[in-house]
2 protein chains.
Amino acid sequence: MATIKDVAKRAGVAISTASYALNGSTKVSEATIERVLKAAKELNYQKNGFASDLKRTKTNTIALILSDMSGPYFSELIKGVQEGASGNQYDLIACSSLGGERSTATKFLREKRADGAIILANNISTSIIEESARSDMPIVVLDRDVENPFAIHIEVDNKKGAYEVTEYLIQNGHETIGYISGPPESHDNEERFKGFSDALKDNNLPFQSRLKITGDFTREGGYRATKLLIAQQKLPDALFYANDEMAIGGLQAFDEKGIRVPEDISIVGFDDIQLAEYVSPPLTTVRQPKYEAGALSVHMIFQMLAGEEVDRSFHLPTEMIVRQSVKNKKLSD
Amino acid sequence: MATIKDVAKRAGVAISTASYALNGSTKVSEATIERVLKAAKELNYQKNGFASDLKRTKTNTIALILSDMSGPYFSELIKGVQEGASGNQYDLIACSSLGGERSTATKFLREKRADGAIILANNISTSIIEESARSDMPIVVLDRDVENPFAIHIEVDNKKGAYEVTEYLIQNGHETIGYISGPPESHDNEERFKGFSDALKDNNLPFQSRLKITGDFTREGGYRATKLLIAQQKLPDALFYANDEMAIGGLQAFDEKGIRVPEDISIVGFDDIQLAEYVSPPLTTVRQPKYEAGALSVHMIFQMLAGEEVDRSFHLPTEMIVRQSVKNKKLSD
DNA sequence: CTGTTAGCGCTTTCAA
DNA sequence: TTGAAAGCGCTAACAG
């Protein structure tokens with residue numbers, strides 16, 4: 001692998017001159033630039049990015065850390081981040097936190113391989129985030145709150161969104177409403193559950209703990225949880241799934257038992273993933289402003305990088321998307 | 001930002017000793033290790049990853065370069081790559097080729113920011129790939145063929161897959177069959193079209209060029225192309241969409257005009273994206289082994305990194321997925 | 001077991 | 001306009 005040294009030698013100039021020429025400085029004569037460029041091409045020279053980053057102590061990249069990296073859920077978020085980053089001549093790279101302590105994500109955070117990070121990965125520990133956040137490595141955390149002046153928190157208003165859709169269920173005449181939860185340690189899940197139970201309480205509806213079943217945000221988990229509920233024999237009027245994936249799993253479980261949605265039971269989800277519109281029946285759910293969350297995240301990173309004073313916490317509004325998975329009991333009963 | 005020097009000083013040892021201690025070498029006494037670790041913790045020391053990569057001239061990461069980084073399409077592929085990489089203690093990072101020459105992807109390739117790369121990004125130029133591929137930066141290209149011993153080519157058998165599904169259409173009694181193409185410069189599209197027209201030819205069916213309409217692999221493009229076709233008044237018996245996204249766009253166009261699928265026209269897609277199963281009617285299509293493609297890609301990268309002799313080209317088999325978007329004309333006519 | 005030291009490849013100051 | 005040289009922070013060979 002040719003280095004700048006080789007290029008300089010071949011062009012018959014000093015290393016520094018080669019560096020200037022390669023970086024398009026005006027300090028070097030046309031003729032020299034040409035000679036250097038020619039030498040570089042002949043040697044198929046490629047600069048070593050690490051060396052220059054090291055020298056400049058700046059990477060011009062921001063890292064997006066995801067628990068999964070696959071998952072259709074992240075598309076929109078990524079788009080928001082991507083556009084913001086490239087608009088500022090920053091690079092965006094995505095990496096996975098799979099593997100916890102030993103993951104790529106941890107490495108990026110710890111080893112300052114990026115100038116900032118956006119994290120949506122429940123499997124990365126809060127302590128790592130807190131240790132890593134600093135003025136030259138500002139962090140935006142999307143799925144929890146963190147105690148560190150250089151880590152701010154952006155989240156959609158899970159609680160309010162859950163409250164609204166639960167209220168919608170109630171207004172449609174549903175009284176016994178179950179909750180299929182995400183993993184108990186999930187902050188999002190917790191907030192959604194709070195919104196859900198607040199709505200129940202405010203409407204003087206009791207919450208039966210037998211109707212809260214723990215899932216894990218996956219389709220499979222929703223399927224299993226729903227099966228469990230069906231096995232209890234007494235189905236509630238409606239079901240709140242803590243996310244759409246689980247709701248879709250639930251749909252399948254109901255379908256297998258010949259239970260019709262929404263005729264026999266109404267359901268709602270959360271997220272408004274792309275599939276929600278296509279399943280049968282189309283899912284009533286709450287939409288998260290994912291693109292906006294992504295865009296805001298990068299924006300805040302840049303603000304922090306610029307040393308500006310920023311708010312420590314943001315809540316983005318959700319929107320209820322009414323489709324056809326909820327029956328109006330007041331009309332039909 | 002504390003450096004290893006600061007840590008060494010604070011612990012009262014030499015830099016190298018600090019380095020050894022930090023990296024868990026056995027050459028250092030327990031007591032020293034402890035002192036160093038303590039100092040590091042007190043200073044909130046984080047090592048600079050670039051510096052060590054630079055020193056070791058090895059990054060232990062492989063880059064996955066995508067044109068988009070969003071797009072549900074990539075999920076499976078990513079999973080295959082991710083698992084292969086982390087299984088070998090390598091990091092995977094994904095980056096986007098959005099922005100062409102000036103993209104993050106180009107930077108990674110050119111500046112040797114990874115030990116190898118997997119590319120699925122039609123908007124990155126072949127010349128960049130050819131210039132970047134070398135023994136210490138092997139590349140797997142998924143969407144074209146490249147002339148470079150260190151860049152190998154893995155693709156699903158687009159031609160055969162297209163051939164099969166076209167033949168399926170023919171066997172079901174369809175005779176005039178249209179083709180909604182992807183972008184003309186797409187290699188995948190080209191291969192699919194070849195398979196399509198070969199099947200026609202082998203069955204002595206003429207191909208009418210008015211029935212080939214150019215789309216762009218997006219839902220919107222499929223929608224527009226379909227509208228165009230509908231405007232021609234004479235609908236063919238069936239339509240081959242070069243990918244599922246476009247087929248779903250087409251479904252919408254037909255729906256708006258009250259044209260029923262498959263009663264009035266049969267359609268097939270390509271890819272078998274997740275949605276294909278959920279649209280109405282469920283789409284008959286060709287499944288690509290995306291996970292396998294991803295897994296094989298990393299595997300080959302490691303082979304090349306190890307200096308082994310490898311095949312320059314791989315073709316992965318596809319599988320036809322029969323659902324309900326094709327009518328059997330022989331039965332009903 | 002610990003310390004000295006020579007770079008990795010690059011940028012950039014300073015002097016010529 | 002060009003060149004010499006000093007590091008960026010780290011690893012590792014070598015010497016003690």
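Keep in mind that what you see is a predicted model, and the values were worked out from it rather than measured. A, B, ... follow the sequence lines: proteins, then strands. Residue 1 opens every chain.
Comment: Lys107(B) engages Asp91(A) in a salt bridge, judged by a side-chain N to carboxylate O separation of less than 4.0 angstrom.
Under 3.5 Å, the side chains of Asp188(A) and Ser186(A) contain no donor-acceptor pair of N or O atoms.
Residue-level contact check: Asn23(B) touches the backbone only, with heavy atoms under 4.0 Å from sugar-phosphate atoms and none from bases.
Nearest heavy-atom pair across Thr104(B) and Cys95(B) is CG2-CB, 3.8 Å.
Along DNA chain D, the stretch of nucleotides lying under 4.0 Å from any heavy atom of chain A spans, 5' to 3', dT1(D) to dG9(D).
The bend of the helix from dC1(C)-dG16(D) to dA16(C)-dT1(D), defined by the angle between the axes of its first five and last five pairs, stands at 40° to the nearest 10°.
Between Thr32(A) atom OG1 and Leu37(A) atom CG the span is 11.0 Å, to the nearest 0.5 Å.
The stretch residues 141-151 of chain A participates, sequence neighbours left out, in these side chain to side chain donor-acceptor pair (under 3.5 Å) pairs: Thr126(A)-Arg144(A).
Donor-acceptor pairing under 3.5 Å, judged by distance alone, is absent between the side chain of Lys47(A) and the base of dG9(C).
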Pairs under 3.5 angstrom, nitrogen or oxygen only, protein versus nucleotides 2-4 of chain C, please.
from, atom 1, to, atom 2, distance (Å)
dT2(C), OP1, Ser29(B), OG, 3.3
dT2(C), OP1, Thr32(B), OG1, 2.6
dT2(C), OP2, Ser29(B), N, 2.9
dT2(C), OP2, Ser29(B), OG, 3.3
dT2(C), OP2, Thr32(B), OG1, 2.8
dG3(C), OP2, Ala14(B), N, 2.8
dG3(C), OP2, Thr17(B), OG1, 2.9
dG3(C), N7, Ser16(B), OG, 3.0
dT4(C), O4, Ser16(B), OG, 3.0

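The phosphate of dC10(C) (OP1 or OP2) has no side-chain N or O of Ser19(A) nearer than 4.0 angstrom.
Partners of Tyr291(A) under the side chain to side chain donor-acceptor pair (under 3.5 Å) rule, at least two apart in sequence or in another chain, are Glu83(A). Contacts of Asn60(B) classified as side chain to side chain donor-acceptor pair (under 3.5 Å), with partners at least two apart in sequence or in another chain: none.
Summarising the geometry, the separation between NZ on Lys58(A) and C1' on dC10(C) is reported as 16 Å, rounded to the nearest angstrom.
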